[in-house]
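What follows is a set of notes on a single structure, which appears directly below.
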Protein chains: 2
Amino acid sequence: MQNRNIASTFAKGLAVLGAFDGGTPVLSLAEIARRSSLDRAAARRLVLTLVDQGFVETDGARGYRLTPRVLRFAGGYLSGRQVGRLVQPVLDRHAAQAGAPISMAVLDGQDVLLLAQSTLQNSVVTFGFTLGSTLPLLHTSLGRMLLALRPADVAARLLATAPMQARTPEALTDRRLISAEVDQARSAGLCIARAQLEAGITGYAVPTGPETVIGLSRAHGLGRDAQADQAAIKALQLCAAELIQTGAV
Amino acid sequence: MQNRNIASTFAKGLAVLGAFDGGTPVLSLAEIARRSSLDRAAARRLVLTLVDQGFVETDGARGYRLTPRVLRFAGGYLSGRQVGRLVQPVLDRHAAQAGAPISMAVLDGQDVLLLAQSTLQNSVVTFGFTLGSTLPLLHTSLGRMLLALRPADVAARLLATAPMQARTPEALTDRRLISAEVDQARSAGLCIARAQLEAGITGYAVPTGPETVIGLSRAHGLGRDAQADQAAIKALQLCAAELIQTGAV
DNA sequence: TCTATATGTGCGATATACGCACAATCTGCA
DNA sequence: TGCAGATTGTGCGTATATCGCACATATAGA
């Protein structure tokens, strides 16, 4: 039974807008229809509406891509939550002290979604991620920490269904082992993930609120470096304490 | 005559989404209807669609606000244009060298729209702006530089119609004087705006492409400091040169 | 040049969305 | 505490916006 409180054309339009996930910068109409599971003609009309409203442009040929105007939605969110005023300066200060970029993230659907980050000059570990980037839930310290913050039933469901995106030889592929890592993060109030997303890189994460976490990454050597781990976690905990004080999260 | 290639319900939905501009973090249905110029019942259905799709949430009472999910649109744009990989590291490196945050912007409608920025530890001048923030066109060095990049007829139209948002005693309010500043920016390939947006702050901007500019701001003393101006412009020009080399803009 | 894929478009059908009007709720003030 | 004004919730009949189809055209790649 259709819900008359829902505008289905608008919902379809949002699916079309969501098809532009950045993995492929320019999309064809056919690809947009596929990604949004819509009839080709419907997808075409919705894309032309986005063009008309200035959120999408053509590349002159038959491809479509987002325009900067979509950043206004992010601006609305960030300004509304005062991220630029309360969160960014704290991340900047602690990232400088830690000598590593620090990111803030939330759980969104089955992904880690980056809310803010402080990048640094000459940072070794960047990966090109930005605000709005999504990261895997099961193979990042951020993701595991976010799962740890959720009620056990919610976490269990996500652990069973989130995509398995192991990309390194050391990445866990057994969901039960990942679940154990999440349990450990829940107990300890921190998470350390070694070479799960990228070989040679250890990720660290701590909570900053009921639904947000911060994290940083560092290159590691062959052995486990307890001292480096402790320093990274300490830096994050100091940062988290200050973020909690701002009340922004 | 209605254009059958445009889905008007989707266009209305985008207007509702755009009502959340961040100035007021939580909006009522009545306020959303006003801002989007829609019938109250229509606005309600469209907002409920956003709630259903996870882009908006209620505050438990009668207010609505954006969720982080809207950042995915920004992520799609930033990832598609490789901002995190090509632009951000360059901004970070040059901001560190300049000792001031550097932002990249485009013209969008009648606003300056921030595309990227490198913020710094202990930065004097932050204002809380973030990626996705909009700034006034007529009273920022970024805005005047963007106007300078446009064909003369386009610039003239914007100079005549963009909102006059003077907020300091020294801010120009005569559109002809502002136009002269834009002409000078066009000739010089750089723009310096003293105390136009904020008292005591000078803004600098240079172009990085046919439609993008970068800029930074510094506190200034009572007199004009030609040496500080030259250093800021030089830093921006070095940054712009490197950005042009990356081909990201 | 040919084939497969993609795109453009008009159209009839119908499902979606509209706006209205009335009821209910909430807020602020005296 | 009560009242007035503003806001919100909701059902409904109707109009129109949107749908998906089918055919034509264009493009890309082998």
Side-chain angles (χ1 to χ4, degrees), chain A residues 1-67 73 76 80, chain B residues 1-67 73 76 80:
Chain A
M1 173 56 94
Q2 183 176 336
N3 183 344
R4 288 170 71 107
N5 285 331
I6 300 298
S8 62
T9 303
F10 184 26
K12 289 174 185 172
L14 291 168
V16 166
L17 188 48
F20 293 89
D21 66 4
T24 315
V26 172
L27 295 179
S28 65
L29 276 177
E31 179 60 23
I32 292 163
R34 274 195 290 278
R35 291 182 178 205
S36 54
S37 307
L38 291 172
D39 178 84
R40 192 179 51 75
R44 178 172 181 271
R45 286 189 301 269
L46 295 164
V47 169
L48 291 182
T49 306
L50 287 167
V51 172
D52 182 65
Q53 299 294 305
F55 295 103
V56 157
E57 66 190 1
T58 76
D59 63 356
R62 297 183 144 187
Y64 293 91
R65 62 183 186 180
L66 292 175
T67 68
F73 300 136
Chain B
M1 171 59 95
Q2 183 178 336
N3 182 348
R4 290 170 71 105
N5 285 332
I6 300 298
S8 63
T9 303
F10 184 27
K12 287 173 184 172
L14 292 168
V16 166
L17 188 48
F20 293 88
D21 66 2
T24 317
V26 172
L27 297 178
S28 65
L29 276 176
E31 181 58 25
I32 292 163
R34 272 195 291 278
R35 291 181 178 204
S36 52
S37 307
L38 291 172
D39 177 85
R40 192 179 51 76
R44 179 171 180 269
R45 286 190 299 270
L46 294 165
V47 170
L48 291 181
T49 306
L50 286 168
V51 172
D52 183 64
Q53 300 293 305
F55 294 105
V56 159
E57 67 190 2
T58 74
D59 64 356
R62 297 181 146 192
Y64 293 91
R65 60 183 188 181
L66 292 176
T67 68
F73 301 136

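Side chains included, hydrogens not; waters and symmetry mates left out as well; all remaining heavy atoms used. The sequence lines fix the lettering, A, B, ..., with proteins before strands; numbering per chain opens at 1.
- Under the ring-ring contact (aromatic ring centres under 6.0 Å, His included) criterion, no residue pair touches residues 25-46 of chain A, with sequence neighbours excluded.
- Between B/R44 and A/N5, some side-chain heavy-atom pair lies under the 4.5 Å cut-off.
- Remark: of the listed residues B/V56, B/T67, B/I32, B/V56 is the sole one forming a side-chain contact (heavy atoms from CB on, under 4.5 Å) with B/L50.
- Rounded to whole angstrom, the span from the CZ atom of B/F10 across to the P atom of D/dT18 amounts to 11 Å.
- For D/dC19, the OP1/OP2 oxygens have a side-chain nitrogen or oxygen of A/K12 closer than 4.0 Å.
- Note on residues 49-58 of chain B: pairs passing salt bridge (charged side-chain N to carboxylate O under 4.0 Å, His left out), not counting sequence neighbours, are A/R81-B/E57, B/E57-B/R65.
- The side-chain heavy atoms of A/Y64 and A/L48, taken from C-beta on, include a pair separated by under 4.5 Å.
- Remark: C1' of D/dT18 and CD1 of B/I6 are 13 Å apart, rounded to the nearest angstrom.
- Taking atom CG on A/N3 and atom P on D/dG9, their separation rounds to 13 Å, with Å as the unit.
- Here the side chain of A/S8 is nearest to one of C/dT16, C/dG8, D/dG9, namely C/dT16.
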Atom pairs and distances, donor-acceptor, side-chain atoms in residues 11-26 of chain B, under 3.5 Å, two or more places apart:
| from | atom 1 | to | atom 2 | distance (Å) |
| --- | --- | --- | --- | --- |
| B/D21 | OD1 | B/G23 | N | 2.9 |
| B/D21 | OD1 | B/R35 | NH1 | 3.3 |
| B/T24 | OG1 | B/R35 | NH2 | 3.2 |

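- Of the residues in residues 46-59 of chain A, none lies under 4.0 Å from DNA chain D by heavy-atom distance.
- Residue A/L46 comes nearest to B/A7 through the heavy atom pair CD2-CB, 3.8 Å, listed as atom of the first residue, atom of the second, then distance.
- To the nearest 0.5 angstrom, A/R62 atom CZ is 9.0 Å from A/L29 atom CG.
- Note on residues 38-62 of chain A: pairs passing ring-ring contact (aromatic ring centres under 6.0 Å, His included), not counting sequence neighbours, are A/F55-A/F73.
- Residues satisfying the side-chain contact (heavy atoms from CB on, under 4.5 Å) criterion with A/A33, sequence neighbours excluded, are A/A43.
- Annotation: the span from A/Q53 atom CD to B/F10 atom CZ amounts to 8.5 Å, rounded to 0.5 Å.
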Between the protein and nucleotides 11-13 of chain D, which nitrogen or oxygen pairs come in under 3.5 angstrom?
| from | atom 1 | to | atom 2 | distance (Å) |
| --- | --- | --- | --- | --- |
| D/dG13 | O6 | A/R4 | NH2 | 2.7 |

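- Axis deviation across the helix from C/dT1-D/dA30 to C/dA30-D/dT1 amounts to 70°, comparing end segments of five pairs, rounded to 10 degrees.
- For B/R34, the side-chain contact (heavy atoms from CB on, under 4.5 Å) test picks out B/A30, B/E31, with sequence neighbours left out.
- Within residues 19-39 of chain B, the residues having any heavy atom closer than 4.0 Å to DNA chain C are, in order of number, B/D39.
- Across every non-hydrogen atom of A/R45 and B/R4, the tightest pair is CD-O, 3.4 Å.
- One finds a side-chain N or O of A/T9 lying less than 4.0 angstrom from the OP1 or OP2 phosphate oxygen of C/dA17.
- Heavy-atom distances to DNA chain D give each of A/A61 and A/A42 a nearest nucleotide, and the one nearer the 5′ end belongs to A/A42.
- The side chain of B/R44 contributes an N or O atom lying less than 4.0 Å from OP1 or OP2 of D/dG9.
- Residue-to-nucleotide contacts include a donor-acceptor pair under 3.5 Å from the side chain of B/R40 to the base of D/dG9.
- Comparing A/A7 and A/Y64 by the nucleotide of DNA chain C whose heavy atom lies nearest to each, the residue mapping closer to the 5' end is A/Y64.
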